[in-house]
2 protein chains.
Amino acid sequence: MGDVYKAIADPTRRAILDELRDRAGQTLFELCKRLIGKGFTSSRQAVSQHLAVLEEAGLVVIRREGRYIFIDLDTSPLQQIYDRWGIGPCASDT
Amino acid sequence: MGDVYKAIADPTRRAILDELRDRAGQTLFELCKRLIGKGFTSSRQAVSQHLAVLEEAGLVVIRREGRYIFIDLDTSPLQQIYDRWGIGPCASDT
DNA sequence: ACGATATGCAAGCGGTGACTTGCATGTCAA
DNA sequence: TTGACATGCAAGTCACCGCTTGCATATCGT
């Protein structure tokens, strides 16, 4: 398993997670286009490498169908950050 | 304000946060000794530089008294991670 | 089958970050 | 005041990371 902390350290990777949160099941090309539309200059290869890191960290699930890949977000690995230092929304529930 | 994500990307900095969570108000020397005791090989200067990064990110509060500095943990900047991707312990409450 | 599309793989490059080294500053005790 | 202690500052080194480049692979439409 990859390092979740390292995975979210990069701004481009965080933008990818943002994009996947807004629209699930995107294709690599779709993702690239949208990122470029949001001002990011990342090439397809760069995004692909970022996805590999995110997948290693478990933050992203990649499902392959034919010549496409469909990418989905999985935020559950972020849970360990909360678990480690004990913060979170619940604290403000009362 | 510094980047919280970048701040927690480094294993040594996470160990510092762990140590401060277990024991608040430590001195730089104290912190170094404990980290070395836990198997980290960081020098004093290295730890000092890490603290600067953590302070920039708001994860640590440094209070200076005489020739000592006292370091305290502040986990509130981590909240933005939850706010951004909306996960957390509450989801599994039901 | 053939061309076009969508993605994978690998080597190389530049910049950034973590660490060390050496010295400077400041504070306490005697 | 002087020496020991606790920390700050700055330059230099080295490895890693993100990115590009170029080519390879695989799938769909016609």
Side-chain angles (χ1 to χ4, degrees), chain A residues 1-20 23-72, chain B residues 1-20 23-72:
Chain A
M1 258 287 177
D3 189 347
V4 178
Y5 302 96
K6 201 181 65 180
I8 61 174
D10 185 81
T12 304
R13 280 197 288 268
R14 293 197 294 269
I16 291 176
L17 296 181
D18 287 340
E19 185 54 48
L20 291 174
R23 186 175 301 228
Q26 291 193 52
T27 273
L28 176 58
F29 253 57
E30 254 183 287
L31 199 53
C32 288
K33 278 190 179 179
R34 289 183 181 277
L35 287 174
I36 291 173
K38 287 188 174 181
F40 286 85
T41 60
S42 310
S43 71
R44 177 188 63 85
Q45 293 86 346
V47 175
S48 187
Q49 287 170 349
H50 282 309
L51 283 178
V53 176
L54 291 171
E55 190 183 25
E56 258 296 305
L59 286 165
V60 139
V61 177
I62 299 181
R63 154 178 107 253
R64 296 157 210 279
E65 281 182 23
R67 61 176 158 179
Y68 299 101
I69 67 174
F70 298 99
I71 309 158
D72 284 291
Chain B
M1 259 284 178
D3 188 348
V4 178
Y5 302 96
K6 200 182 65 179
I8 61 174
D10 185 82
T12 304
R13 281 197 288 269
R14 292 198 294 270
I16 291 176
L17 296 180
D18 287 339
E19 187 53 51
L20 291 174
R23 186 174 299 227
Q26 291 192 53
T27 274
L28 177 58
F29 254 56
E30 252 182 290
L31 199 54
C32 288
K33 278 191 179 179
R34 289 182 182 278
L35 286 175
I36 290 173
K38 287 187 175 180
F40 285 84
T41 60
S42 309
S43 70
R44 178 188 62 85
Q45 292 85 345
V47 175
S48 188
Q49 287 171 350
H50 282 309
L51 283 177
V53 176
L54 291 171
E55 189 183 26
E56 258 296 304
L59 285 166
V60 138
V61 178
I62 299 182
R63 153 179 108 254
R64 296 158 210 279
E65 283 183 22
R67 61 176 157 176
Y68 299 101
I69 67 174
F70 297 100
I71 309 158
D72 283 291

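Chain identifiers are assigned alphabetically (A, B, ...) following the order of the sequence lines, protein sequences preceding nucleic acid strands; residue numbering begins at 1 within each chain. Please read all numbers here as calculations on a predicted model, not as lab measurements.
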Taking for each residue the nucleotide of DNA chain D bearing the nearest heavy atom, is the 5' side occupied by B:Leu28 or by A:Lys6?
->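 Residue closer to the 5' terminus by nearest nucleotide: B:Leu28.
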Along DNA chain D (nearest heavy atom to each residue), the more 5'-positioned of A:Ala9 and B:Gln45 |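 Comparing both residues, the 5'-ward one is B:Gln45.
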Can you find an N or O donor on one side and an acceptor on the other, under 3.5 Å apart, linking the side chain of A:Arg13 with the base of D:dG18?
->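 Counting by modelled atom types and ignoring angles, no donor-acceptor contact under 3.5 Å is found here.
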Picking from C:dT27, C:dT7, C:dA18, which would you name as closest to the side chain of B:Arg67?
->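 The closest nucleotide is C:dT27.
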Looking at the side chain of A:Tyr68, which of C:dG22, C:dT7, D:dT20 is the nearest nucleotide?
->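 So the nucleotide nearest the side chain must be C:dT7.
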Length of the line joining [X]:[atom1] and [N]:[atom2], which is rounded to integer Å:
X: A:Arg63; N: C:dA6; atom1: CZ; atom2: P; result: 17 Å
X: A:Asp10; N: D:dC19; atom1: CG; atom2: C1'; result: 11 Å
X: A:Leu35; N: D:dG18; atom1: CG; atom2: C1'; result: 15 Å
X: B:Gln49; N: D:dT13; atom1: CD; atom2: P; result: 16 Å
X: A:Asp3; N: D:dC16; atom1: CG; atom2: P; result: 15 Å
X: B:Phe70; N: D:dT7; atom1: CZ; atom2: C1'; result: 13 Å
X: A:Tyr5; N: D:dC17; atom1: OH; atom2: P; result: 17 Å
X: B:Phe29; N: C:dT27; atom1: CZ; atom2: C1'; result: 14 Å

Are any of [X]'s side-chain N or O atoms less than 4.0 Å away from OP1 or OP2 of [N]?
X: B:Arg64; N: D:dG8; answer: yes
X: A:His50; N: D:dC19; answer: yes
X: A:Ser48; N: C:dA6; answer: no

Between A:Leu31 and A:Leu20, is any pair of side-chain heavy atoms under 4.5 Å apart?
->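 The answer is yes; the side chains approach within 4.5 Å.
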Would you check if A:Phe70 and A:Ile62 make a side-chain contact, meaning some heavy-atom pair closer than 4.5 Å?
->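 Not in contact.
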Between B:Glu19 and B:Lys38, does at least one N-O distance fall below 4.0 Å, as a salt bridge requires?
->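 Salt bridge between B:Glu19 and B:Lys38, a charged N being under 4.0 Å from a carboxylate O: yes.
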Is a side-chain donor or acceptor of B:Arg14 paired with a backbone partner of B:Ala9 at a separation under 3.5 angstrom?
->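 Yes.
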5'-most by nearest nucleotide on DNA chain C - B:Glu65 or A:Thr27 |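 Nearest nucleotide further toward 5': that of A:Thr27.
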Worked check of side-chain contact (heavy atoms from CB on, under 4.5 Å) between A:Leu17 and A:Val60 | CA-CA 8 Å; A:Leu17 296 181; A:Val60 139; 4.2 Å; yes
